[in-house]
Amino acid sequence: MVSNFHLPPIGFGPGSQSEEGEELHYMQLPSGMRTYSAHMPEIDDPSAVTPALKTLADIASAAEACARGGMARFDLGGLDAANRALIAEAMGQGEVAMRIRGIPALRVQESVFAGVWMIAGAGVDQIEVGAVPSAALGRAFEPFRPAKGARHALSAGVVNAPALAVELLDKSAAYMGGAPHVVNLTLLPHTEEDLIWLDEVLGEGAVTILSRGYGNCRITATATPHVWRVQFFNSMDTLILDTFEVTTMPEVAMAAPEDLADSAERIQEVLEATR
């Protein structure tokens, strides 16, 4: 009798697998990453849109200056329909959008030029140039849903959230700028009840940000100073990274100095092509 150890393994080797109509199916990789594509507005009569062209030139100069720090604001309310339409066409839509609650409520859309932000609301029609719109910084932690604090009553199923709340509230109170403090929920054991309790403890602020790039990043200000919820989703809208950041503004929502310098060059290219 031959022991099983000496028998050839079943299901391995040439001819062991059926080949009739079978092929491997791989999960589709994420696609559709946004890249910059210059759009050159068509202008029949440049003299009719002189104010818009001047505004674009001023925005380019501001972007170059803001790459070294600071911000600039341009009020578009005085432009007529043709000039305003040219500005909108030249700006396009970039990757970052914001909703800012309060009075007035604001809608913010980054243009295709990083660090150049279009801001709209009741009585507001502006372009702001800088790393991030000033209203997103100044109004972020104004309570839309007030924070209940660490003494909020525990509910069934809350396990690790109290320790996380102590850490976040301590870092919030001590934050004076500098590097962010990150709590990575993806790597920490927690229950659904932990997340609900933390959400009530920290509250919800006035600013919500969506950054669309290779997948989505959703950023929500809490009603606790300097504390943000930052969630990354892949292109199939599956949550792949869930964090709290104690910082002034999460870096993923901000335009870097080199982005602003690049935007200045690109706006100049558009101007040269339209004149």
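- Here the closest non-hydrogen pair linking P250 and I219 is CG-CG2, 3.7 Å.
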Test L210 against C217 for side chain to side chain contact (heavy atoms under 4.5 Å, CB included), laying out the working first. CA-CA 6 Å; L210 178 64; C217 177; over 6 Å; no
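- In this structure, I209 CD1 and T220 OG1 are separated by 8.5 Å, a value rounded to the nearest 0.5 Å.
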- D194 vs T191, side chain to side chain donor-acceptor pair (under 3.5 Å): CA-CA, chis, key distance, verdict: CA-CA 5 Å; D194 279 329; T191 64; 3.2 Å; yes
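- Taking the centre and axis of the six-membered ring of F113, the NZ or CZ atom of R266 falls outside the cone set by 45° and 6.0 Å.
- Looking at heavy atoms from C-beta onward, P133 lies in side-chain contact with I119 at the 4.5 angstrom threshold.
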Please determine whether side chain to side chain contact (heavy atoms under 4.5 Å, CB included) holds for the pair I196 and L198, giving the CA-CA distance in whole Å, both sets of side-chain angles, and the decisive distance to 0.1 Å. CA-CA 6 Å; I196 294 171; L198 273 175; over 6 Å; no
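- The NZ atom of K54 sits 11.0 Å away from atom CG of L79, with the distance rounded to the nearest 0.5 Å.
- Of all the heavy atoms in R212 and A97, the pair that sits closest is NH1-CB, 4.0 Å.
- The CG atom of L76 sits 8.0 Å away from atom CD of Q126, with the distance rounded to the nearest 0.5 Å.
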Q.
Quick one, R139 with L106, criterion side chain to side chain contact (heavy atoms under 4.5 Å, CB included). Give me CA distance, side-chain angles, the key distance, then yes/no.
A. CA-CA 11 Å; R139 293 163 56 177; L106 299 174; 3.6 Å; yes
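- A60 approaches A264 most closely through the heavy-atom pair O-CB, 3.3 Å.
- Considering V207, I100, V96 in turn, I100 is the only one that fulfils the side chain to side chain contact (heavy atoms under 4.5 Å, CB included) rule with V108.
- With a 4.5 Å cut-off on side-chain heavy atoms, H152 and W197 count as touching.
- The shortest distance between side-chain heavy atoms of F244 and V227 falls below 4.5 Å.
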For residues 180-190, run the donor-acceptor check on the side chains, cut-off 3.5 Å, and write out each pair with its distance to 0.1 Å, sequence neighbours left out.
residue	atom	partner	partner atom	Å
H181	NE2	E167	OE2	2.7
N184	OD1	T186	N	2.9
N184	OD1	T186	OG1	3.3
T186	OG1	D242	N	2.8
H190	ND1	L185	O	3.3
H190	ND1	L188	O	2.8

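- Residues I127 and I87 are in side-chain contact: their nearest non-hydrogen atoms beyond the backbone lie under 4.5 Å apart.
- With rounding to the nearest 0.5 angstrom, the CE atom of M249 is 12.5 Å from the NE2 atom of H226.
- Here R229 does not pair with D199 in a salt bridge; the nearest charged N to carboxylate O distance is not below 4.0 Å.
- In terms of heavy atoms, S172 sits closest to P225 at OG-O, 2.6 Å.
- Using a 4.5 Å heavy-atom threshold, the side chains of V132 and M98 count as touching.
- Here the CD1 atom belonging to I59 is positioned 5.0 Å from the CE atom belonging to M91, to the nearest 0.5 angstrom.
- Applying the side chain to side chain contact (heavy atoms under 4.5 Å, CB included) test between L169 and each of L164, V246, L202 identifies L202 as the sole match.
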- Task: Check the pair R73, S134 against side chain to side chain donor-acceptor pair (under 3.5 Å), reporting the backbone distance first and the verdict last.
- Result: CA-CA 10 Å; R73 184 182 293 117; S134 56; 3.1 Å; yes
Practice item. For the pair F74 and E128, evaluate side chain to side chain contact (heavy atoms under 4.5 Å, CB included) and give the outcome as yes or no after the intermediate values. Key: CA-CA 6 Å; F74 299 87; E128 196 166 309; over 6 Å; no
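- Closest approach of P162 and V158 over heavy atoms only: CD-CG1, 3.6 Å.
- For A48 against N83, the heavy-atom pair with the smallest separation is O-ND2, 3.4 Å.
- Rounding to the nearest 0.5 angstrom, the gap separating the CD atom in E142 from the CD atom in E204 is 13.5 Å.
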